[in-house]
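Note sheet for the following structure.
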Number of protein chains: 2
Amino acid sequence: MARAATTTDAFNAVAEPRRRQILDVLARGERSVTDLVAALDLAQPQVSKHLKVLHEVGLVAVREDGRRRLYRLEGRGLKAIHDWVAGFARHWEDRFGALDAVLAEITGETDGNDHEG
Amino acid sequence: MARAATTTDAFNAVAEPRRRQILDVLARGERSVTDLVAALDLAQPQVSKHLKVLHEVGLVAVREDGRRRLYRLEGRGLKAIHDWVAGFARHWEDRFGALDAVLAEITGETDGNDHEG
DNA sequence: CCATCGTATTCCCATATGGGAATACGTCAA
DNA sequence: TTGACGTATTCCCATATGGGAATACGATGG
């Protein structure tokens, strides 16, 4: 097998910096391909390709307007990522980080990380 | 150019499901490679490879213990992802989603999304 | 109907991925 | 020492990526 397709899910789609940039721009409102080309300083074909990927994973929606196509952010698709990462928040928040370290030292535990209760 | 290396950053490293699984397990405490192999039902070499990637991007740390190597989650590396995604939260939270729709319809705007103030 | 604009699609290519399989090590128990 | 264990590394290969360049196409204005 090779690496999973970029169109597999939001995680893969968003791994590409350009696509993140596109979403950043779209977060401020609907944009035409040309708008994006200008904003990203990237060739039009590549922008269209990235948009295709984002569309396939449902991160953007399109609307036709004459010869233009207006792309819009479809944020829901990012929730999965958010939810997954949020579960790790305690692991980088200083308060808990420090606490973990202390507990580990005191208990000599190999299996720490218990601020559950 | 081809796709960015998986070791480029957390975004790329975490795009692979197996690596996310590994982090999920490590979130509950230090684990040896063998532990992970058992938990993931994946061949040992592949686990070691994934761990290598995770280590290169700083998402895990290692500690030697006799013939074993104990891997530990290094959560800080996930913060970048969290921060980026969090910026889009308003786009999937129902309250705001509905509000956006209404505003868009009322104003006929092409450039909506303004609950700034 | 023609030229042009806005976008999408196709072709080409260097790159490295992820799994499978085999193997190389370093460490520990006899 | 020897053998087993725990882990890392190497080789092989099908796959598809992302950019560049060229081109196809639908819509629109004359």
Side-chain angles (χ1 to χ4, degrees), chain A residues 1-26 29-57 59-72 110, chain B residues 1-26 29-57 59-72 110:
Chain A
M1 201 184 289
R3 203 165 169 180
T6 55
T7 53
T8 300
D9 54 28
F11 282 100
N12 281 279
V14 152
E16 166 66 30
R18 304 299 197 159
R19 286 194 286 265
R20 257 175 280 145
Q21 285 181 35
I22 290 183
L23 295 181
D24 284 336
V25 174
L26 292 184
E30 229 174 18
R31 293 284 187 277
S32 73
V33 176
T34 301
D35 289 342
L36 290 169
V37 168
L40 300 186
D41 191 42
L42 185 59
Q44 176 267 315
Q46 338 295 340
V47 171
S48 282
K49 288 178 201 164
H50 283 311
L51 285 169
K52 186 177 184 180
V53 172
L54 291 173
H55 187 249
E56 268 183 69
V57 298
L59 283 175
V60 302
V62 213
R63 174 166 77 87
E64 319 233 333
D65 172 46
R67 29 186 161 188
R68 293 183 307 159
R69 303 225 178 153
L70 300 179
Y71 284 85
R72 178 163 56 78
T110 272
Chain B
M1 203 183 288
R3 202 165 172 181
T6 55
T7 52
T8 299
D9 55 29
F11 281 99
N12 281 280
V14 152
E16 167 65 32
R18 304 299 199 159
R19 284 193 288 264
R20 257 175 282 145
Q21 287 181 33
I22 290 184
L23 295 180
D24 285 337
V25 174
L26 293 185
E30 230 175 17
R31 293 285 187 276
S32 73
V33 176
T34 301
D35 288 343
L36 289 169
V37 167
L40 300 186
D41 191 42
L42 185 61
Q44 175 267 314
Q46 338 293 342
V47 172
S48 282
K49 288 179 200 165
H50 283 311
L51 284 169
K52 186 178 185 180
V53 172
L54 291 172
H55 187 248
E56 267 184 68
V57 297
L59 283 174
V60 303
V62 214
R63 175 165 78 86
E64 319 232 334
D65 172 46
R67 29 184 161 187
R68 294 184 306 160
R69 301 225 177 153
L70 299 180
Y71 283 85
R72 177 164 55 80
T110 270

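These figures come from a predicted structure and were not determined experimentally. Numbers restart at 1 for each chain; the letters A, B, ... are given by sequence-line order, proteins then strands.
- Between B/Ala2 and B/Arg67, it is B/Ala2 whose nearest contact on DNA chain C lies nearer the 5' terminus.
- The CG-P distance, from A/Leu36 to C/dT7, rounds to 9 Å in whole Å.
- Within a heavy-atom distance below 4.0 Å of DNA chain D, the residues of residues 42-56 of chain A found are A/Pro45, A/Gln46, A/Lys49, A/His50.
- The side chain of A/Thr34 sits closest to C/dT7 out of C/dT4, C/dT7, D/dT7.
- The distance from atom CD of A/Glu64 to atom P of D/dT28 is 10 Å, rounded to the nearest whole Å.
- Taking atom CD of residue B/Glu30 and atom P of nucleotide D/dT7, one finds them 12 Å apart after rounding to whole Å.
- A/Ile22 and A/Leu51 get closest at one heavy-atom pair: CG2-CD2, 3.9 Å.
- Distance A/Ile22 CD1 to D/dG19 C1': 13 Å, rounded to the nearest Å.
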Output, in order, the C-alpha distance, side-chain angles, deciding distance and verdict of side chain to side chain contact (heavy atoms under 4.5 Å, CB included) for B/Glu16 and B/Val53.
CA-CA 11 Å; B/Glu16 167 65 32; B/Val53 172; over 6 Å; no
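- Separating the CG atom of B/Leu70 from the P atom of D/dA8 is a distance of 11 Å, rounded to the nearest angstrom.
- One can place CG of A/Asn12 at 18 Å from P of C/dA16, the figure rounded to the nearest angstrom.
- Side chains of B/Asn12 and B/Asp9 form a contact here, defined as non-hydrogen atoms less than 4.5 Å apart.
- Put simply, CZ on A/Arg3 is 6 Å from C1' on C/dT17, counting in whole angstrom units.
- For the residue pair B/Leu59 and B/Val14, the shortest heavy atom distance occurs at CD1-CG2, 3.9 Å.
- Distance check, rounded to the nearest 0.5 Å: CG of A/Leu40 to CD of A/Gln46 gives 11.5 Å.
- In this model, the phosphate group of C/dT7 is approached by a side-chain N or O of A/Ser32 to a distance below 4.0 Å at OP1 or OP2.
- The distance from atom CG of A/Leu40 to atom P of D/dG20 is 13 Å, rounded to the nearest whole Å.
- Here the shortest heavy-atom pairing between A/Ala4 and B/Arg3 reads O-NH1, 2.8 Å.
- Contact annotation: B/Arg18 reaches the phosphate of C/dG19 (side-chain N/O to OP1 or OP2, under 4.0 Å).
- A close approach under 4.0 Å does not occur between any side-chain nitrogen or oxygen of B/Tyr71 and OP1 or OP2 of D/dG6.
- In terms of position along DNA chain D, the nucleotide closest to A/Ala4 lies nearer the 5' end than the nucleotide closest to the other residue of the pair A/Asp65 and A/Ala4.
- Here D/dG19 is the nucleotide among D/dT7, D/dT17, D/dG19 with the atom lying nearest to any side-chain atom of A/Glu16.
- Summarising the geometry of A/Ala13 relative to A/Leu54, their closest heavy-atom pair is CB-CD2, 4.5 Å, with the distance given to 0.1 Å.
- Residue B/Arg19 places at least one side-chain N or O under 4.0 Å from the OP1 or OP2 atom of C/dG18.
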